[in-house]
Visitor: 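Mind looking over this structure? Questions follow.
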Amino acid sequence: MSDSSIFHFMDTKPSEQLDKLTRLAVKICKADIGYISFFDNDRQWLKSNIGMETSEFQLSESICHYLVKNNLTHLTIPDLSQDDTFKEHYAFKENGIRFYAGFPLLSNSNQIIGSFCVLGYSPQTLDELQLEFLQAMAEQTMVLVESQRLSHQLAIATERQEKQVGDSSQAANYYNSIANNSTFYICKTDLKGKLIYCNDFYSRELNVDITTHPETHIFNSITLEYLKAATEAFQAVASGSESKLRVLLKETAKDQNIVTNLWDFIAVKNPANEIVEILCLGYDITELEENRAQIQLLADYTAFQNKKILEYNTFVSHDIRSHVANANGILSLLDIITDENEYRQYFKLLKKEIKETDITIVAMDRMTSANVDFEESKEPVSLYHLIEYVFDLVVRTKPDLVFSYVNKIPENLILFSVREYLENVFLNVISNSLKFTSNEREMKIIVNALQISNTILQITVRDNGKGIDLAKYGDSLFKIQSPLNDIKEAKGIGLYLAKKQIEALGGRVDIESEHEKGTIVSLELLNYEN
Amino acid sequence: MKIKVLLIDDDQVSLLITKKYLVGQGIHDLVDDLTLFTKAEEALNLLIEAKNTQEQAIFWILLDVNMPGMNGWDFLDEMGRNELNHLVKIVMLTSSISEVDRDKAKSYSSVFGYFTKPMSQEKCEKFNALVQEKDI
């Protein structure tokens with residue numbers, strides 16, 4: 001391969017600068033044709049061409065071949081037709097060329113790689129100045145070619161470098177993106193836990209900057225209660241008793257949020273098999289933990305619902321069955337008695353049992369539908385007047401009960417609530433108080449209301465009764481199967497229903513009691529102050 | 001030794017039915033006394049009194065489970081707590097059809113039977129047979 005191939009000049013685009021040289025040479029030499037050619041093996045290719053029909057021909061057939069073959073400094077033929085060597089040459093025979101003057105293009109190693117030539121259809125002898133000019137043009141061509149070669153090489157080098165830079169930066173980006181991903185914490189520490197490296201995710205999430213705080217330890221962000229577990233696991237790996245340990249830790253993240261992270265501590269050894277560093281890989285599983293907690297909550301709630309269903313079963317068993325059993329008992333008695341009056345009395349009892357069964361079923365229906373959306377049943381309720389109404393109802397239902405009450409609810413307090421539920425709640429709570437009357441003193445009930453926050457109204461029903469043994473009855477007070485309520489016709493659903501209804505209204509019930517002092521039932525209800 | 005029968009149930013109608021059957025089946029020929037209680041606490045007081053006065057009597061009790069205040073289970077616990085078990089022989093009479101309740105009743109040594117309501121001629125005969133078998 002000749003030197004010209006490394007110039008990468010063959011078959012390239014025309015060069016304006018070289019064409020200027022060729023055009024000038026044609027003019028100065030009063031020639032018809034001018035070209036700058038390059039050789040490649042047996043091919044001669046015209047990089048610059050003024051007046052030639054073809055831009056490529058076989059080198060062996062070209063006049064320029066003589067320059068190469070004889071390693072000439074130049075070749076001038078004033079008239080091909082008169083020259084012994086060239087009078088039969090196809091340039092003359094075929095193309096009518098009479099005059100030729102060519103200078104070689106020399107590479108740095110003085111190899112002829114091309115030619116600078118002028119040709120004419122008329123015989124001509126160039127003078128010394130013209131020859132000197134042509135030589136200068138050939139040399140000038142090489143200067144240009146060399147400079148173009150250099151810039152070409154530079155372009156290639158630049159391109160290669162750019163590619164390399166591109167490749168390496170791509171690789172760097174790739175590893176950076178792995179290291180600084182937004183999913184895992186990646187850190188390296190010394191054997192005491194001091195951070196040597198941490199990825200962006202760790203820095204960002206746990207608010208750590210080891211460039212400004214080089215003494216940061218991996219334990220710094222771990223919450224106190226998890227510190228022992230963390231150091232123990234780390235020590236086990238750092239001491240070599242374990243090669244890898246996984247431990248779940250809670251850590252204080254940015255904005256003082258507590259996050260749950262699952263960490264792997266992995267011992268990193270040097271070629272001498274000594275542990276030199278600890279690689280720490282962490283995963284933020286806070287969301288996972290929260291989901292788990294929510295599932296737990298859901299499971300608890302389901303368990304709670306199941307318990308309620310069980311209570312409901314007991315309720316059905318007790319309340320409905322007791323009425324039905326009574327009705328059955330009376331029916332069987334009707335078969336064996338003969339006395340007319342007794343018969344009539346039992347028949348009345350039977351009617352009563354059937355009626356009470358019906359009431360129980362209605363109450364049951366209300367209870368089971370207590371969680372149904374009732375927003376549309378809400379209305380403005382004057383709490384003061386509602387309490388008055390409830391006490392009035394109690395007095396009328398149980399005229400033999402001796403007690404007094406103080407209604408301290410502000411008269412202008414209006415709740416947006418379900419009146420029927422509220423009535424039932426207070427009826428049950430007050431009835432409950434009256435069941436635990438002390439033998440020492442007359443029963444007195446005080447009802448009060450206090451807005452304890454912007455949204456919560458606390459209503460207290462305080463009595464001076466004998467107190468309820470909460471250790472004994474506390475659990476069952478709000479259960480369905482405790483038939484504590486003897487005011488309402490249906491049995492055993494009083495306080496349970498009250499609690500369920502207050503919960504349906506978005507509130508809660510709390511009970512405090514002291515032996516021989518009295519009982520305080522606190523009802524907290526959603527109530528927006530304004 | 002006297003034999004006394006106590007019926008404990010908060011439900012008046014149930015008490016009435018039970019008493020009617022017991023009397024109809026000649027309970028008064030078998031026992032010395034038949035007393036009705038709507039509150040278990042009152043029956044407990046009577047038993048404590050009987051123990052304190054060293055009354056020479058055995059008490060057969062038909063006991064309901066679901067009652068306000070002291071329920072049937074509480075009453076059974078009170079028997080043990082007050083060392084009254086030697087005085088009493090108890091038969092449960094309840095509207096509960098729960099197996100859990102039936103098993104729970106079996107765990108008390110003072111419980112000799114378990115009837116579901118209502119009282120009937122057949123159950124009454126069984127009760128009488130128990131009283132006769134154990135104490136007469």
Side-chain angles (χ1 to χ4, degrees), chain A residues 310-311 313-339 342-343 345-346 348-357 360 431-432 435-436 466 468-469 472-473 476-477 479-488 491-495, chain B residues 7-26 38-41 44-45 62-78 81 92-102 104-105 114-125 127:
Chain A
L310 211 65
E311 284 180 12
N313 278 343
T314 317
F315 165 64
V316 170
S317 164
H318 175 250
D319 281 49
I320 297 181
R321 251 216 114 255
S322 65
H323 291 310
V324 174
N326 282 349
N328 269 333
I330 295 163
L331 276 174
S332 68
L333 284 176
L334 287 177
D335 284 341
I336 55 171
I337 54 164
T338 48
D339 185 90
E342 214 179 354
Y343 191 89
Q345 189 205 339
Y346 285 171
K348 245 193 242 170
L349 282 177
L350 186 63
K351 263 172 75 178
K352 183 170 166 274
E353 288 300 332
I354 289 169
K355 197 179 157 209
E356 286 186 0
T357 309
T360 306
S431 303
N432 193 61
K435 232 175 316 205
F436 293 93
K466 62 180 172 185
I468 302 170
D469 186 350
K472 191 169 174 184
Y473 296 116
S476 57
L477 267 182
K479 278 186 187 167
I480 243 172
Q481 70 265 37
S482 296
L484 286 169
N485 178 8
D486 53 10
I487 284 187
K488 282 194 78 84
K491 301 169 166 189
I493 60 164
L495 276 185
Chain B
L7 307 185
I8 307 173
D9 196 331
D10 65 311
D11 186 331
Q12 301 268 13
V13 176
S14 178
L15 278 178
L16 178 74
I17 296 164
T18 307
K19 184 187 168 190
K20 186 79 189 168
Y21 271 109
L22 289 175
V23 172
Q25 290 293 308
T38 54
K39 287 190 168 77
E41 291 91 336
L44 174 66
N45 288 339
L62 276 164
L63 178 67
D64 184 23
V65 172
N66 292 297
M67 290 180 285
M70 184 184 291
N71 66 24
W73 308 124
D74 299 331
F75 182 83
L76 288 172
D77 292 336
E78 289 297 327
R81 199 171 296 132
M92 308 306 291
L93 178 62
T94 171
S95 61
S96 168
I97 46 173
S98 145
E99 281 302 314
V100 178
D101 284 349
R102 191 180 284 272
K104 187 174 177 180
Y114 191 97
F115 294 160
T116 50
K117 286 182 186 176
M119 182 53 101
S120 65
Q121 190 156 333
E122 193 190 343
K123 286 167 199 164
C124 193
E125 282 165 8
F127 179 72

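Note on naming: letters A, B, ... go to the chains in the order of the sequence lines (proteins, then strands), and numbering restarts at 1 for each one.
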Visitor: I need the A/Ile330 CD1 to B/Ile17 CD1 distance, nearest 0.5 Å.
Guide: 4.5 Å
Visitor: Between A/Ile337 and B/Lys20, does a side chain to side chain contact (heavy atoms under 4.5 Å, CB included) hold up when you go through it step by step?
Guide: CA-CA 10 Å; A/Ile337 54 164; B/Lys20 186 79 189 168; 3.6 Å; yes
Visitor: side-chain hydrogen bond (donor to acceptor under 3.5 Å, both in side chains) with B/Asn45: which residues, sequence neighbours excluded?
Guide: none
Visitor: Rounded at 0.5 Å granularity, tell me how far CE in B/Met119 sits from CG in A/Asn326.
Guide: 12.5 Å
Visitor: Against chain B, label A/Leu349 side chain, backbone, both or neither, depending on which of its atoms sit under 4.5 Å from a heavy atom there.
Guide: side chain
Visitor: What distance do B/Asp11 atom CG and A/Glu353 atom CD have between them, rounded to the nearest 0.5 Å?
Guide: 6.0 Å
Visitor: Around B/Gln12, counting heavy atoms of other residues, nucleotides and ligands shown, do more than 12 lie under 6.0 Å from its CD?
Guide: no
Visitor: Could you tell me if the side chain of A/Asn328 sits less than 4.5 Å from the side chain of B/Lys117, heavy atoms only?
Guide: no
Visitor: Which bit of B/Ser14 is near chain A, if near means a heavy-atom gap under 4.5 Å: side chain, backbone, both or neither?
Guide: both
